[in-house]
Asks: 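Can you keep this structure in mind? I'll have questions shortly.
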Amino acid sequence: MTTTTTNHHLSPAFPGRAPWGTANKLRAWQQGAMERYIQEQPRDFLAVATPGAGKTTFALTLASWLLHHHVVQQVTVVAPTEHLKKQWAEAAARIGIKLDPEYSAGPLGREYHGVAVTYAGVGVRPMLHRNRCEQRKTLVILDEIHHAGDSKSWGEACLEAFDPATRRLALTGTPFRSDTNPIPFVAYEEGNDGIRRSSADYTYGYGNALSDGVVRPVIFLSYSGNMRWRTKAGDEIAARLGEPMTKDAVSQAWRTALDPRGEWMPNVLRAADRRLTEVRKSIPDAGALVIASDQESARAYAKLIREITGEGATLVLSDDGGASQRIDDFSHGTDRWMVAVRMVSEGVDVPRLAVGVYATTISTPLFFAQAVGRFVRSRRRGETASVFLPTVPDLLTFANEMEVERDHVLDKPKKGDGEEDPYAEEDKLLAEAERQQDEDTGTDDQLSFEALESDAVFDRVLYNNAEFGMQAHAGSEEEQDYLGIPGLLEPEQVQLLLQKRQARQIAHSRKRPDEEADLLELPAERRPVVTHKELLELRKQLNTLVGAYVHQSGKPHGVIHTELRRVCGGPPSAEATAGQLNERIKKVREWATRMK
C-alpha cells in the first residue's frame, strides 16, 4: 500500500500528450497514483482517497490515458446511485469522454466512448455487461466499490459481468464495511493475527489531504440536553444525552432529540443557521445540509428551517430524476439550506456545503464518514466545515477518529466461550443503514417508544482529536462564542481560537457564584462521553488498581478510595463521572509507580 503527501514530477507530455484535454494540473496524489498505475500496468487497481480528494478526476484522467494508448476501447462506470451515474457522465463530458447514463440494452451509439450504470442495474442484467466486455476491450471503473458487497447478488453480478474486463479500477473513500461480505476485485492480505484485510494499491487519507490543503478541516459541534420519553411498556424515562446509559437508552434518547416536535432540533437548527451566517461572511455561497432519517422527519425539518430563517429549504426525498435536478439546482445556486434523506450522504458533489446537521440515528463508521465527506471538499485555502451532532458516544468516537485509515476486515476474530459477539451491534446497525429508510418498512419498530420532550444544551467542540468548551445554554453568549468562529481560517488558527474561547469561558464561570451554575461547568476533556457499560468498566478498572495498591501499600481499600477522593475531588466511585474515575485511575497508577 502506498500513502502520499509528497509532490511527484511527471514529464511535460504526461499523460500521453493530453488526449481529450486532460492535461489540467493534477494534484500530487493523483499524479502519484497515475505514475504507479502506468509503471505497473495492473489489471486490477484499488485507489482509496478520502471524500473530496478528487477520485473522479484521477479515474477519468486514467481512462483518457488508457483510451489514447489503445489499452482499452471503451469505458464502463458503475456508480451506487442514479444521480451519481449522471454526475460521472457530466464530468467525463467535460474532458471529451462521452458516457451514456441512460444506457439499458442493445448497441451503443457511435458517439459514445462507454456507459455509466448503477450496481443495481448490473445486478439485474450482468450478462449484458459481460457481453459488452467480451466484445471490446473495456476499462471498468467501480465507484465506491464497497457497495458491490452490499448484497450477495450485487457482488456475484459484478464478478460475472466484469470478469472478462481488460482493466478494472476500483475507487472508494471508505474501503471498510461493517460486515464481512467480500468486495469483488479487491485483494485481501492476511495479517499476523490471521485476519484478512483489504489491500489498497494507493491510499490518500483524510490526514494527508488535510495537510495538503485538499480538504477542509472539520469542526464538530456537539449538543446534549434533557430528554424524556415513554417506553412501549408505558414507563416514562428521563435522561441527559451524553450521560452514561445502556445502549437501548442511548438509542431512545437520541431518537427523542431528533423528534421535530421537541426543542432539541429547533435549537440545533437555529445554532447551525447562525454558524452558516458567520461562514457566509467569508464564503458568500456557503450552504447547509440536514441529513435526516426518513421522509416524515425531513419534511418537518424543512418546515422548521422556514420558520427559523424565513426561507424555504431544498427538500430531497428519494433517488429519482426530480431529486437529482433539485440537488443540481442547489449545487449551482446560493440558497442556504437543503434537507435530504440518505442519498446525499455519499458521492454527491455539492462543493459549497460547509455546514451540516447529522439528524439520523444511523451510527456505522462507514455512513458517518461518507456523510461528513459531503462537507470537506475544499475550494480555496482556509475554508472550514462545521458539523452539528448529538452528544452520542459512537458519533463522538467517529468524529475523533476522522484521520484514522481503515481497511475492510474479511474475517471476524474468533470469540471464546461465553463471549459476546463484538460485531453483533455493528451488523444490526449496518442492516438498518442499508435498509431503504425513506420507505415504510412494515415493522412496528417506530412504535417502541414515544418522544415526550427535549431541550438542547451546547456541549463541546471536537477538532483535531481534541475537545473544547464547557456546557452552555442554547442562544447564550457562550454558545455564540463558538458559533462565531470565522469561516476562513488556517487549521492551526482554528485550534488556537478554540483554546482561547474555552479559556475565556472558564474564566467567566469562575467569576460567578457556584449557586448560579445550573449546568455542569467542566472542560470537555474532563467530561468524556461513555455508555453505561464503559462506565462499569472504568469502575472495575479502578477497583482492580486499588486492590493491587492495597498489597503494595498495606492500606485498606476504604482508606485508598477516601484518599483518592480527597486528592482528585468528586463523589464516591459509584456516583463518579467517567472523567473523575479516569483521574483517580491515573492518580493510583502514579502512586504505585512511586513505590516501586
Asks: Is it the case that the side chain of Arg460 and the backbone of Arg527 share a donor-acceptor pair, with hydrogens and angles ignored and the cut-off at 3.5 Å?
Replies: yes

Asks: Mark yes or no for whether Ser251, through its side chain, and Lys247, through its backbone, hold a donor-acceptor pair below 3.5 Å.
Replies: no

Asks: Is any side-chain heavy atom of Val392 closer than 4.5 Å to a side-chain heavy atom of Ser363?
Replies: no

Asks: Can you find a heavy atom in the side chain of Glu453 that is under 4.5 Å from one in the side chain of Glu263?
Replies: no

Asks: Can you confirm whether Leu241 sits close enough to Tyr223 that some side-chain heavy atom of one is under 4.5 Å from a side-chain heavy atom of the other?
Replies: no

Asks: Under the 3.5 angstrom rule, does the side chain of Thr360 hit a backbone N or O of Ile291 as a donor-acceptor pair?
Replies: no

Asks: Rounded to the nearest 0.5 Å, what separates atom CZ in Arg299 from atom CG in Asp294?
Replies: 9.5 Å

Asks: Is the side chain of Ser454 donor-acceptor paired with the backbone N or O of Gly262 at a distance under 3.5 Å, no angle test?
Replies: no

Asks: Relative to the ring of Phe458, is the ring of Tyr482 parallel (under 30°), tilted (30 to 60°) or perpendicular (over 60°)?
Replies: parallel

Asks: Quick one: are Leu564 and Leu542 in side-chain contact, heavy atoms under 4.5 Å?
Replies: yes

Asks: Is any side-chain N of the basic residue among Glu278 and Arg275 closer than 4.0 Å to the acidic one's carboxylate O?
Replies: no

Asks: List the residues meeting salt bridge (charged side-chain N to carboxylate O under 4.0 Å, His left out) with Glu563, not counting sequence neighbours, and say none if there are none.
Replies: Arg566

Asks: For Val215 and Pro51, work out which heavy atoms get closest and say how close.
Replies: CG1-O, 3.8 Å

Asks: Considering only distance and modelled atom types, tabulate donor-acceptor pairs under 3.5 Å from the side chains of residues 303-317, sequence neighbours left out.
Replies:
residue: Thr309; atom: OG1; partner: Ile305; partner atom: O; Å: 2.7
residue: Thr309; atom: OG1; partner: Glu311; partner atom: N; Å: 3.0
residue: Thr309; atom: OG1; partner: Glu311; partner atom: O; Å: 3.1

Asks: Quick test of your reading of the model: are Lys587 and Glu590 salt-bridged, counting only N-O distances below 4.0 Å?
Replies: yes

Asks: Nearest 0.5 Å, what's the NE2-CG distance between His473 and Asn267?
Replies: 11.5 Å

Asks: Please check if the side chain of Thr544 supplies one atom and the backbone of Lys540 the other of a donor-acceptor pair under 3.5 Å.
Replies: yes

Asks: Report yes or no: does Gln541 contribute a side-chain atom to a donor-acceptor pair with the main-chain N or O of Glu537 at less than 3.5 Å?
Replies: no

Asks: Under 3.5 Å, is there a donor-acceptor pair between the Thr277 and Arg336 side chains?
Replies: yes

Asks: For a 4.5 angstrom cut-off between non-hydrogen side-chain atoms, does Leu289 reach Met338?
Replies: yes

Asks: Do the side chains of Tyr463 and Pro491 get nearer than 4.5 Å, heavy atoms only?
Replies: yes

Asks: Ignoring hydrogens and geometry, is there a side-chain-to-backbone donor-acceptor pair from Asn226 to Asp455 under 3.5 Å?
Replies: no

Asks: CD of Glu479 to CG of Asp459: how many Å apart, nearest 0.5 Å?
Replies: 11.5 Å

Asks: Parallel, tilted or perpendicular, judged at 30° and 60°: which one describes the rings of Phe398 and Phe368?
Replies: tilted

Asks: Please report the interatomic distance CD(Gln505) to CD(Glu477), rounded to the nearest 0.5 Å.
Replies: 11.5 Å

Asks: Could you list the residues that satisfy salt bridge (charged side-chain N to carboxylate O under 4.0 Å, His left out) with Glu478, not counting sequence neighbours?
Replies: Arg512

Asks: Measure the CE-CG distance between Met265 and Leu258 for me, rounded to the nearest 0.5 Å.
Replies: 6.5 Å

